Amino acid sequence: MKKLLLICGPAGIGKSTFAKKYVEEHGDENCLIIAADEVRKEMCGSYKDFPPGKNMMPVYDKMIELAKSAYYGNKSITIIFDTTMLYDERRLYFIDNLPHFDEIDLYLLKMHDYSGCLFRNKQRDEEKWVPDEVISSMAQNYEDPGEEVHEKVSKIITVYKDE
């Protein structure tokens with residue numbers, strides 16, 4: 001089986017922790033986490049640096065390239081995308097540019113009070129800190145999936161990180 005997990009949410013909500021916990025709890029699955037932060041660091045040299053113009057498309061394309069390599073190189077694999085994907089345009093970009101998976105699960109990490117992201121953000125390594133105003137903007141612009149995404153995924157799971 002080939003499975004794709006899309007882990008979505010604003011910075012500081014716990015996407016990386018969630019992905020790592022999934023791997024721990026699913027030891028029988030051949031899992032690969034592909035995290036935008038790690039790909040960007042590899043491409044740009046630091047968590048604080050971005051591609052020119054803060055254009056994340058080269059990072060997303062590299063994530064897709066890594067996923068395709070793992071997909072074609074394994075009979076069975078669970079690929080976990082750890083990146084914000086706050087709206088359908090980005091979710092569909094990944095789904096539409098990857099090969100066919102047997103299952104695609106969309107995890108929406110949410111909070112009732114997103115100020116918790118601000119606190120969690122400061123618990124990370126300082127190099128990974130995201131400005132508070134950026135996190136607040138992410139939380140305000142976080143969208144639930146629309147009909148097209150619903151049609152292309154196997155299931156949508158909402159996880160509240162402050163319960």
Side-chain angles (χ1 to χ4, degrees), residues 1-23 25-26 29-44 47 50-51 53-72 74 76-112 114 116-117 120-121 128 130 133-163:
M1 175 174 228
K2 295 186 180 184
K3 186 170 17 175
L4 175 65
L5 306 183
L6 302 173
I7 312 298
C8 308
I13 201 160
K15 293 179 299 296
S16 297
T17 302
F18 186 89
K20 289 173 189 168
K21 186 174 181 182
Y22 181 93
V23 172
E25 292 176 353
H26 296 85
E29 294 180 33
N30 177 22
C31 294
L32 172 66
I33 298 172
I34 301 175
D37 285 347
E38 299 306 321
V39 171
R40 190 181 79 241
K41 180 184 178 195
E42 184 178 311
M43 292 175 74
C44 301
Y47 290 114
F50 287 83
K54 293 197 175 185
N55 176 7
M56 287 292 288
M57 292 311 293
V59 173
Y60 300 148
D61 289 341
K62 181 66 175 179
M63 292 173 70
I64 289 168
E65 178 186 321
L66 293 168
K68 285 181 177 179
S69 177
Y71 177 95
Y72 291 117
N74 292 277
S76 176
I77 189 153
T78 298
I79 297 174
I80 304 168
F81 267 34
D82 165 3
T83 186
T84 54
M85 292 180 281
L86 301 175
Y87 46 91
D88 283 353
E89 179 184 349
R90 186 66 59 234
R91 297 168 190 145
L92 291 169
Y93 183 78
F94 289 121
I95 292 168
D96 291 344
N97 285 285
L98 288 167
H100 172 76
F101 283 82
D102 301 308
E103 182 176 334
I104 300 175
D105 298 341
L106 176 65
Y107 284 86
L108 302 170
L109 304 189
K110 295 185 173 188
M111 290 184 149
H112 295 96
Y114 285 100
C117 291
R120 289 178 182 206
N121 180 51
K128 285 188 162 188
V130 176
E133 61 274 9
V134 172
I135 293 174
S136 295
S137 176
M138 287 178 167
Q140 288 176 332
N141 293 304
Y142 193 9
E143 297 177 356
D144 285 336
E147 186 177 325
E148 188 175 0
V149 169
H150 277 272
E151 292 171 359
K152 292 185 177 194
V153 300
S154 306
K155 56 188 167 183
I156 298 172
I157 302 101
T158 301
V159 178
Y160 280 89
K161 300 299 289 175
D162 55 357
E163 289 185 342

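Values in this document were obtained by computation on a predicted structure and should not be read as measured data.
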- Full working for side-chain contact (heavy atoms from CB on, under 4.5 Å) between L109 and F18: CA-CA 9 Å; L109 304 189; F18 186 89; 3.9 Å; yes
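Residue K20 qualifies as open at atom NZ: its count of foreign heavy atoms under 6.0 Å is 12 or below. In this structure, E163 places its CD atom where more than 12 heavy-atom neighbours from other residues, nucleotides or ligands lie under 6.0 Å away.
Looking at every heavy atom in both residues, T84 comes nearest to A11 through CG2-N, 4.4 Å. T83 and A36 make their closest contact through OG1-CB, 3.3 Å (heavy atoms, listed as atom of the first residue, atom of the second, distance). Annotation for K3 and F101: closest pair C-CD2, 3.4 Å, computed over non-hydrogen atoms. Here the closest non-hydrogen pair linking I80 and A19 is CG2-CB, 3.8 Å. Between N141 and S137 the shortest heavy-atom distance is ND2-O, 2.8 Å.
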In a table with atom names and distances, give each donor-acceptor pair under 3.5 Å that connects a side chain of residues 56-70 to protein atoms at least two apart or in another chain.
{"residue": "D61", "atom": "OD1", "partner": "Y93", "partner atom": "OH", "Å": "2.3"}
{"residue": "K62", "atom": "NZ", "partner": "E65", "partner atom": "OE2", "Å": "3.3"}

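Between D88 and K152 no salt bridge is recorded (no basic side-chain N to carboxylate O distance below 4.0 Å). In summary, E151 and R91 do not engage in a salt bridge, as defined by a charged side-chain N under 4.0 Å from a carboxylate O.
Once rounded to the nearest 0.5 Å, the distance linking CG of L4 with CD1 of I77 reads 10.5 Å. Between atom CD1 of residue I13 and atom SG of residue C117 there is a gap of 4.5 Å, rounded to the nearest 0.5 Å. Taken from CG in L6 to CZ in F94, the straight-line distance is 8.0 Å, to the nearest 0.5 Å. In this structure, the separation between OH on Y47 and CD on E42 is 10.5 Å, given to the nearest 0.5 Å. Atom-to-atom distance recorded for I79:CD1 and I33:CD1 is 12.0 Å, nearest 0.5 angstrom. Rounded to the nearest 0.5 angstrom, L106 CG and I157 CD1 are separated by 7.5 Å.
Between the D162 side chain and the M111 main chain, no donor and acceptor come within less than 3.5 Å of each other. Judged purely by atom type and a 3.5 angstrom limit, S76 uses its side chain to pair as donor or acceptor with the backbone of M1. In this structure, the side chain of K15 engages the main chain of P10 through a donor-acceptor pair within 3.5 Å. A donor-acceptor pair under 3.5 Å is absent between the side-chain atoms of K2 and the main chain of Y72, judged by distance alone.
Counting heavy atoms from C-beta on, the side chains of Y22 and D105 never come closer than 4.5 Å. In this structure, D37 and K41 have side chains that are not in contact, with every pair of non-hydrogen atoms separated by 4.5 Å or more.
In this structure, Y114 and Y142 have perpendicular ring planes: the angle between them is above 60°, well past the 30° mark.
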